[in-house]
Amino acid sequence: MSELRGIWVLAERERREAFRNRWFLVSALSFLAAALGLAWLAKSGVSGSGFAGLGRTAVSLIHLVALVVPLQGLAMGAGAIAGERDRGSWNLLLAQPLGALELAVGKFLGLLLAIGATMLVSFGLAGVLVSSGASGASFLPYFGLLGFALLLAAASISVGLLVSVVSERASSAVGIAILAWLLLVLVGDLGALAAATALGLDAGQVLGLALWNPLSVFNMAAIELIRGGLELLGPAGLVASRELGSALLPALGAILIAWALVPLALATRIIARREEVA
Amino acid sequence: MNASIELVNLRKAYGKFLAVNDLSLTVPAGTVFGLLGPNGAGKTTTIRMMMDIIAPDSGEVRFSSRPRTRADLERVGYLPEERGLYRKMTVFDHLVFLGELHGVARRASAPEITDWLDRVGLADAGKKKIEELSKGMQQKVQLIGTLLHDPEIVILDEPFSGLDPINQGLFKDVLAEYRRRGKTILFSTHVMEQAEKLCDALALISGGKVILSGGMQEIKNRYGGLAYRLVASGDLDGLAEVEGIESSGLHDGYARMLLSENTDPAELLRRLVEAYDVQEFRSDAPTLEEIFIAAVGEATAGEATGFQP
């Protein structure tokens, strides 16, 4: 069987399994409901201006994506392999004519398709709602935001899979994933701020620290897309704009892609070792 | 006969526990091969290394006389000891998925699945979720998943555990059919009677080591397969001098004889009837369980004790 076919068969099964997962469905529907609610609020607050309405919706969606997408990606990724171990089906999968790369990428792609589909629907419906009857709406930043949200999802799934591949049980893998989410969402920015204050870091160093956090990277990209500048982020944002200029968004995208690829490569390597997790 | 699977000096340790210790064996093509041993002997670890589920610390797994590749696993059907099923999937979807992993497209596997479900008495279960099935039914689904792509090699880890006698019979019928079709079947069990009835060849494993291997009849002969029991009146002390008897020993009410290699038992009986008032003459070959116990004893003692009449 060709590698691509193996990846696709696995990805399809993973996507279907995700849509059978009640927690995922609840989180996806909550995301959709919140996105539609935010779009409705944005539309009702700005009459006749599609651009402003879309912009407001996008700003609100940044917070929603930053909160929900990493949780979904980390938790689903963490459960993907450790859950199979719990059910006893992982050994069956390992015994199939599938290489480590097919196993890892198949799982990754299936989860990305599931999360991506729910985001596409949420962003799409919210966009349609807010821009209906309005004129002059520019969708480019909005689509850009969706793209970065997908990259954040990919990075989160990838980290989740890495956690999953080294965890014996799904419960411990999901526990670690939630801890990682708390670190990213709650401690990430505050930690960087505390480190900057305690260590007396300059703006460039604070920026360097922030770039290690995929959530901060997403936030920077989202603000750049919607506002067209990072002055909101203070001196670190200004340094980023000044140093990278027009390469800012591609650089931020590349960092998120690296966050997706490196943990996935590590997970593949660990699967290839064919060692039982103790 | 060509080797279908060869394990060469396989070794696997978990910390200080040596699960498989320098294990080598050859599974001839087209045979039913039993991997026998008590619980914890290393059978499942050996099979998992065979299937590339876990990597050995050292040693090599060979399929058709060359190092195993992932592609080799396409022609293998594997039934794991711990039943790995996707409980939320329907029986049909689960089987289609397993077929697809072996390159069998849905439209090709669908009629096969229907036939198999019908054959194992699960004709109405296709649309049911696996979690709705009983344990025995789930095992039948697992067997279908193992055989759906018509593998050349079938590897079954404790296939009969948890099955009722009727379903054990069904599994045995399926294995018999695959044997007739010239497929290679390897299965592990700790129940010696099953192996005795089904296997052409076997390997006995204890403490992660092969302590005995070979063809079933060859092993039986080696461990007293040529033993016969005689109940007869008259002086049995001179039995060993009768032509065709290698050695004999007297027990409480009967004599146990080890026949010479080429002795025809019917011809021997004719001679015995002429000399004694024969009341009983029957094979007294040891069971596989007895052979196993003897082989473990030999391995422990480090020497072959052989058959003691």
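Only heavy atoms go into these numbers, but all of them, side chains included; no hydrogens, no water, no symmetry mates. Just so you know, these numbers come straight off a predicted model, no measurement behind them. Throughout, a chain's letter reflects where its sequence line sits, starting with A, and its residues are numbered from 1.
- Below 30°, between 30° and 60°, or above 60°: for A:Phe123 and A:Phe31 the angle between ring planes is below 30°, a parallel geometry.
- In this structure, no portion of B:Arg75 lies under 4.5 Å from any heavy atom of chain A.
- Salt-bridge formation is detected for the pair A:Asp86/A:Arg169: a Lys NZ or Arg NE/NH1/NH2 atom is positioned less than 4.0 Å from an Asp or Glu carboxylate oxygen.
- Residues B:Arg119 and B:Glu177 are paired through a salt bridge, judged by an N-O separation under 4.0 Å between the basic side chain and the carboxylate.
- Annotation: side chain to side chain donor-acceptor pair (under 3.5 Å) contacts of A:Ser158 (sequence neighbours excluded): none.
- Using a cutoff of 4.0 Å between basic side-chain nitrogens and carboxylate oxygens, B:Arg66 and B:Asp72 are scored as salt-bridged.
- Interface residue B:Asp93: only side-chain heavy atoms are found under 4.5 Å from chain A.
- Proximity to chain A is limited to the side chain of B:Arg106, based on heavy atoms less than 4.5 angstrom apart.
- For A:Arg22, the CZ atom counts as loosely surrounded, since its 6.0 Å shell holds 12 or fewer non-hydrogen atoms of other residues, nucleotides or ligands.
- Residues of residues 136-151 of chain B that come within less than 4.5 angstrom of chain A, heavy atom to heavy atom, are B:Gln142 in numerical order.
- Remark: B:Arg179 pairs with B:Asp200 by the salt bridge (Lys or Arg N to Asp or Glu O under 4.0 Å) rule, at least two apart or across chains.
- Within a 6.0 Å sphere centred on CH2 of A:Trp212, other residues, nucleotides and ligands contribute 12 heavy atoms or fewer.
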Worked verdict on A:Glu84 versus A:Lys107 for side-chain contact (heavy atoms from CB on, under 4.5 Å): CA-CA 11 Å; A:Glu84 296 247 20; A:Lys107 289 264 174 197; 2.4 Å; yes
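- Around atom CG of B:Asp124, no more than 12 heavy atoms belonging to other residues, nucleotides or ligands sit under 6.0 Å away.
- Both cation-pi conditions hold for B:Lys12 and B:Tyr14: the charged atom is under 6.0 angstrom from the six-membered ring centre and inside a 45 degree cone around its axis.
- For residues 11-20 of chain A, a heavy-atom distance under 4.5 Å to chain B picks out A:Arg13, A:Arg16, A:Glu17, A:Arg20, given by residue number.
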